[in-house]
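FYI, side chains are in, hydrogens and waters are out, and symmetry mates aren't considered; it's all heavy atoms of this structure.
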Amino acid sequence: MEVAIGAARWVVGKALGPVTDGLLEAWAASKELGPNVDALKMELLYVQGMLNNTRSRNIDNPALNVLLQKLRDLAYNAEDVLDELDYFRIQDQLEGTYEAADQHAKGCMCNLFLNAHHTARAAGKLLCFGRCSHATSRTHPSDPRKEDARQQVLCCTWPCAKRRSARENILSAPYNHLANEEVSGCMHKLASVACNSIRHVGKLLHCSSLPTHDDDSSVMPIISGACKHKLSQKKHVKGTPKLEFDRVDLSRRMRLIVEQLQPVCAKVATILNLEFLGSSHTAPSIAKSPRTTTSDIVEPTLYGREPAKKRIIDSITHDKYSGKDLTILPIVGPGGIGKTTLVQHIYHSEEVQKHFQVKVWICVSQNFNVSKLTEEIEKALPSVEGEKKGREEELIEQRLNSKRFLFILDDIWKCESEDWKRLLVPLTKGHAKGNVILVTTRFPAVAEIVKTTDSSIILEGLEHGVFRDFFQACIFGDEQSQKDHHVLHGIGDKIAEKLKGSPLAAKTVGRLLRNHLDVYHWTRVLESREWEMQTGERDIMPALKLSYDYLPFHLQQCFSSCALFPEDYKFGSEELVHFWIGLDILHPRGGNKTVEDVGLDSLNDLVNNGFFKKDKTDGDPYYIIHDLLHDLALKVASHEYLSLLHSNIRSVEIQPSIRHLSIIIDGLDDSNGINDENFKSELRKLKTKLKVKNLQTLIIFGGEDESFVNIFGDLFMEANALRVLCLPTLSYPLESMLHNFSSLLHLRYLKLGTSISKMHLPTTLSRFYHLKILDLQKWGGSFLLPRDMSNLAKLCHFLAQHNELHSGIHNVGKLKLLQELKAFAVNKESEGFELNQLEHLTEIRELGIYNLEKIRTKDKAVEAKLIDKNYLHKLTLYWDSERSNIEPEVEAVVLESLQPHRNLQELCISGHGGPSCPTWLGDKLIVEALQSLCLVGVSWGAFPSLGKMWDLRELTVKHIATIKEFSLEQSFCKLVKLTLARLESFEKWVPRASHLFPCLQELTIIDCPKLSELPCSSHIVYPLKQDWDIDWFPKLQKLVIDNCPEVLVLPPIPWTHTLCFVFIRGVGSKLPGSLFYSKSSSGVVLTITGKDGMHSLDQLLISLEYFLMLTSLKRLTAWYSNLVVVPSGGQSGVEWQHPIEGISISYSGSSGKDLTQFLYPLPKLSQLVISFCKNITQLAVEVDMQQMKAEDEQHQIAEVEEEEANTVDDDGLLLLPAHLSNSLQALTIHSTCLVVHSLEALQALTTLALNYCSLASFSYFHHPFPPSLLCLQLESVKGVQTTEPLSNLTSLTDYAYLLSSLEVDGSPNFFGGWDPMRGIRDEQHKILLSWPAKLQNLRTDDMEGFLGAPALCSFLSSSLTNLSFNGNYEMTRFTKEQEDAFHCLTSLQELRFWYCGKLEHLPAGLSKLTNLKILQISFCPALRSLPKDGLPSSLLELDVRACFNKELPEHCRRLMGTITKIIL
């Protein structure tokens, strides 16, 4: 109930927003509007006061909840009408009109006109639109009054629709124009307006008695002429359309809301009074408490946590923590993830029981009370002999004296730093070493307060395989039951995927499934996500919701709003804060904090409470919602927030209170069988389920094709209340998706994106007067902005990747709240781009000033008033480097006069032609707080003293010819990023002290052709024992050295866990050709290109010690280098292992023997690529070799040439170690001199590509390929002339592993004489051939051979979906037999003809392939027409490219309109 009351209170507060500063009331103080505005404000204040009076009350009343929802709806309506009124106030101010006034500023005659104008419009609104239609129907087509009747209909249209765009604005424009004429003409115009108004009303009433004044030539032409002029000229008007103000309608709506609010308020007040009377002694409401835990083990088997358990036990018993006085180690994770279970198993482990003399378990939960916890600890500790009585703290000290203890403080929810210190006081006086406190908590903020270790133990969801085992155990219990119900495993796996590895979720769903072990029940649970509705104490959603209920209301709002975004969405902090600003859920509470500061604080609070996880692995920091917490957001927000995607569109409940909607079309999702067409059909039905007119937020992810655009155009016709609109992937003009876009007068946040360069921004953009955030960061269309963008006086953030968007704002000085102006082009035009436009931008945070060469005097430069902009933190000053004339003294004066405020943090100066740096950056340093300095192309002879910039974090120096030496001073201890680029004369980098870079994370040196000496230069391979403590770059994350050919030695590279990216290329002759190292969330990749004379990895900057440190290395690629690791430091002969998963070696001089030795210590290797390694001549599997010897079969080395048959090259033999039989999944060989022996023992191999090599002869017992293959590519492989080598791939007991993809090139007759029955030895195997084939993808250059095997085509008829003929330069046309074979391929969906140089005709009868969707033809110059009998009606895409003739494209053009997509 508190949430419902808080939500109502928040909406009422939003509704009161427009009337808090008095501006709207002053503007609307007419006899029509004023009383209604005041009455509505008073009613809202009453509601606000009533709801504020409920704080800290424990109320549980479902009926009240319904009334509060009604109250919220009315408050939303009030917000709409007041916000609309405020919009027209701003428009009135901009246009210089007097729409809301009783009295016109120009006198009494204009007053009469103004009220007559509103009266006429109100009368027209009260009349039915049908009367207008009737009046029109009575007019004969040849009647001269036809145009007048047509105007009547148009004039009535907008009031009936509540508002209209300029396209419908027939009456107001001329009236407003006339109202601003000189007073001397008012009487004459009043008569004209009155007569027209009366006639307009009279015609609608079908009255003929009113005067027409047809004979008054002095009156009528003025009005009718104005209207007709507007109508005839409208299509030429390029100005932004204007919405029309309807004073009477707004007054009526306000009165209606007040009338509806009063009885609801009365009922709510009555119920609240009764609740207060009945609960006067009730304690304040608190969230439901979590369950109490004990040390008793509930789960006897610890699934998936054994490694963490062992690591923790080792560390607290005999590793790094055992020698410390007190270690506090937090274990952090969301509810239900298994923290308590893990600690229970640690607590009862044999090692812990023996190691610790005292063990205590305390369940802390939400109530962290030091006195109570101290009392519990004292009671849990056994008394000691000779114990003296005293306070609990004194007793604890006595009982722990000289004893090693382990305390478990389970489930801490909150903890203040001072309280924690008080709790620890009696625990730190026992004089024993190795004491440990294990803390479990949901909240990272708690972990930060209590920990004494470098990091916490973070528990994520269980790994998929382990979780599957645990989930099945929760359902079935024993293995036999699992086997008895194996038919349910597939559905169970789909359910398990949705549970994100949560053990508590597995238990919840296990209870749902175990009592009904049938397909129907399990499918229903899967589709309905029934586990989300379970409300038991031990169910997953209640456990997670406890954390949500613990949040204050504003954080609940922030979190629940994220339900609109896809699962695992990566939020940027700026994006998220701006989204919350658009929703108006951020409000500064006093102090100097901006709304952006409040947003960042809220985000950090959500991180500290465990709802978001911050990640920096892939470049810039981003935030993601923890696993099942996204499902929680969807659940708790479901009354107002709705996210639709393929998987839920049929099952999700759409509540009438929905006001925020997202539609996810392009995300990766389990569609639950819903295809695009079904999804579109369901979207069309939304119009009857969803109150579109109430929507305040609309976000669409994807949906780029025209059919979606049409659906959305119809669906969102009435979505006029939108505050937040996010369309990041536009493919069609915005107005085609939102026909009413120009009428979205409530917009606060607008995000648009497109990749179509010709797409134009809407001309109505400048009419959204409430807009605060305009996000065009993904806009790749036209950069042309409306001329009057400066009307957006409330605009705070204009986000854009391209400077052209910012530089196109005319009169930008009017946007006084703007915080980003990345590019202001001085004097871009003669008016509106003067430097003094910047004077009033007092809120600016980021500013770039370009074309400064056009400023020639100090007075003009000072007009920017940069020194007064105390919020400015990023400034770019840019002189055109290609200007024809440079005046050093003038430019020096200008730069000196552009002195910024002392708070500036980031400065970039580019192209300045003055002789030295300005004094405010040099001798008289003003910007002492500078954190980033970028100097590009300056001509300075004297540079600033960088040592004075004590807080400098980033330094970039580019394209400066005058620098020969570069010195870094000791004060650069905070430097994080250093970039030196295109310094032509730069020769030496001189260090002045050691250990210069304790914080350096990025070092980039590019295009310094004379640079020969770097600081700390030494070879990376230094004696490890001597220099282990020398850490030149302890925090280095990125290192780039490129095109510095004189650099002969490099600074040491720290191959530590912090390093994320290394790129070295174009350095001295004794260094590697290139080295690329990259670490991301998917693992680590290392690519090395060697040079002649380099024989091992240590010569490529990596010794064995450092190679073993790269524990996250997933993939290693080596070019022109040998994979030989040479141990150093006396480690020769020491066994080692590395968890690398993929290796690619190309053009290496390594022998087969060398590579075999390198592969032995790689137990997890799953991918291996060998390309053109001349010293590797044979490839075999160790297991196969051993089996053949055991069978006493004579092993013969395959002959590449007959005369080499008697030679055996042991060094050239690459023998894949036995452990790879179970780990290697993908193998690729490119080599003309390599013979491949049987690979049948590679039981895990699913992907195999053999190119240009030879296949050894194989026997009846030993096939060349393992039966596990799913994808096989053969290109120019000797020894493969038929499909005989594939015979074992179709003789499997489990058809799920049949081949799914096959590529065959350069192997003529491969398909020749294919017989499905050849080699079948018994009836069982013949039965297997009746099972459906699995081959889905086939690419070959042998069209003749494939289509010459009709039995093969028939066998593949039900499976083959993708067929590509590539590189056949002989075949000209298809025979009748080949065409018949083609017709067998009835499942074919995609067909491609590539590089078929002589092919003249496509096969006849393609129209029979009724499943064909895509036909591609490329580089087939002889092909000039399509089949005469046409193409199949199922075809969706026809792609014809680079065929170099006119006939074929012309033939394709004739089909436009019959095929959805034709590409020519």
Side-chain angles (χ1 to χ4, degrees), residues 617 1020-1021 1038-1040 1050 1053-1065 1071-1091 1094-1128 1131 1135-1176 1179 1214-1217 1219-1220 1223-1231 1242 1244-1245 1247 1249:
T617 305
I1020 183 62
V1021 187
K1038 179 179 179 181
L1039 172 65
V1040 176
L1050 297 173
I1053 302 172
W1055 299 106
T1056 63
H1057 68 278
T1058 64
L1059 196 64
C1060 296
F1061 184 89
V1062 177
F1063 180 69
I1064 298 173
R1065 183 182 65 180
L1071 295 173
S1074 69
L1075 185 145
F1076 173 79
Y1077 171 91
S1078 176
K1079 181 169 72 171
S1080 66
S1081 57
S1082 58
V1084 174
V1085 176
L1086 177 62
T1087 302
I1088 300 171
T1089 303
K1091 291 180 180 176
M1094 293 185 174
H1095 301 296
S1096 61
L1097 284 178
D1098 67 313
Q1099 292 178 294
L1100 299 170
L1101 309 183
I1102 305 177
S1103 67
L1104 176 58
E1105 288 78 9
Y1106 287 98
F1107 180 69
L1108 296 179
M1109 287 175 64
L1110 300 178
T1111 54
S1112 298
L1113 183 63
K1114 299 293 184 184
R1115 193 167 72 250
L1116 171 63
T1117 302
W1119 292 74
Y1120 300 100
S1121 57
N1122 301 346
L1123 285 184
V1124 179
V1125 174
V1126 179
S1128 60
Q1131 293 201 10
E1135 291 186 4
W1136 57 275
Q1137 283 193 341
H1138 197 285
I1140 194 169
E1141 296 176 3
I1143 289 179
S1144 176
I1145 178 169
S1146 303
Y1147 300 99
S1148 171
S1150 295
S1151 67
K1153 186 176 181 179
D1154 291 337
L1155 189 54
T1156 298
Q1157 292 176 348
F1158 184 78
L1159 296 179
Y1160 265 103
L1162 308 180
K1164 294 187 177 181
L1165 191 68
S1166 61
Q1167 297 178 350
L1168 177 62
V1169 178
I1170 301 172
S1171 300
F1172 305 108
C1173 299
K1174 60 183 180 180
N1175 293 329
I1176 301 176
L1179 174 68
L1214 171 57
L1215 196 60
L1216 299 181
H1219 67 265
L1220 295 187
S1223 68
L1224 195 64
Q1225 299 175 20
L1227 175 63
T1228 300
I1229 304 294
H1230 299 268
S1231 180
L1242 298 177
L1245 196 69
T1247 301

Q: Might you point out which heavy atoms bring Leu1059 and Lys1079 nearest each other, and give the distance in Å?
A: O-CE, 3.3 Å
**Q.** Heavy-atom closest pair, residues His1138 and Pro1163
**A.** O-CD, 3.5 Å
Could you give the distance from [atom1] ([X]) to [atom2] ([Y]), rounded to the nearest 0.5 Å?
X	Y	atom1	atom2	result
Leu1215	Gln1157	CG	CD	11.5 Å
Leu1162	Leu1116	CG	CG	9.0 Å
Ser1223	Leu1245	OG	CG	10.5 Å
Phe1172	Ile1229	CZ	CD1	11.0 Å
Ser1150	Ile1170	OG	CD1	10.0 Å
Leu1168	Ser1144	CG	OG	8.5 Å

Measuring only between side-chain heavy atoms, which start at C-beta, is [X] closer than 4.5 Å to [Y]?
X	Y	result
Thr1089	Phe1076	no
Ile1140	Leu1086	no
Thr1156	Leu1159	no

Q) Ile1145 and side chain to side chain contact (heavy atoms under 4.5 Å, CB included): which partner among Val1169, Leu1155, Ile1176? A) Leu1155
Q) Backbone N or O of Ala1249 within a donor-acceptor pair of the His1230 side chain at under 3.5 Å? A) no
**Q.** Backbone of Asn1175 reached by a side-chain donor or acceptor of Ser1151 within 3.5 Å
**A.** no
Q: Could you tell me if the ring centre of Tyr1077 sits under 6.0 Å from that of Phe1063?
A: no
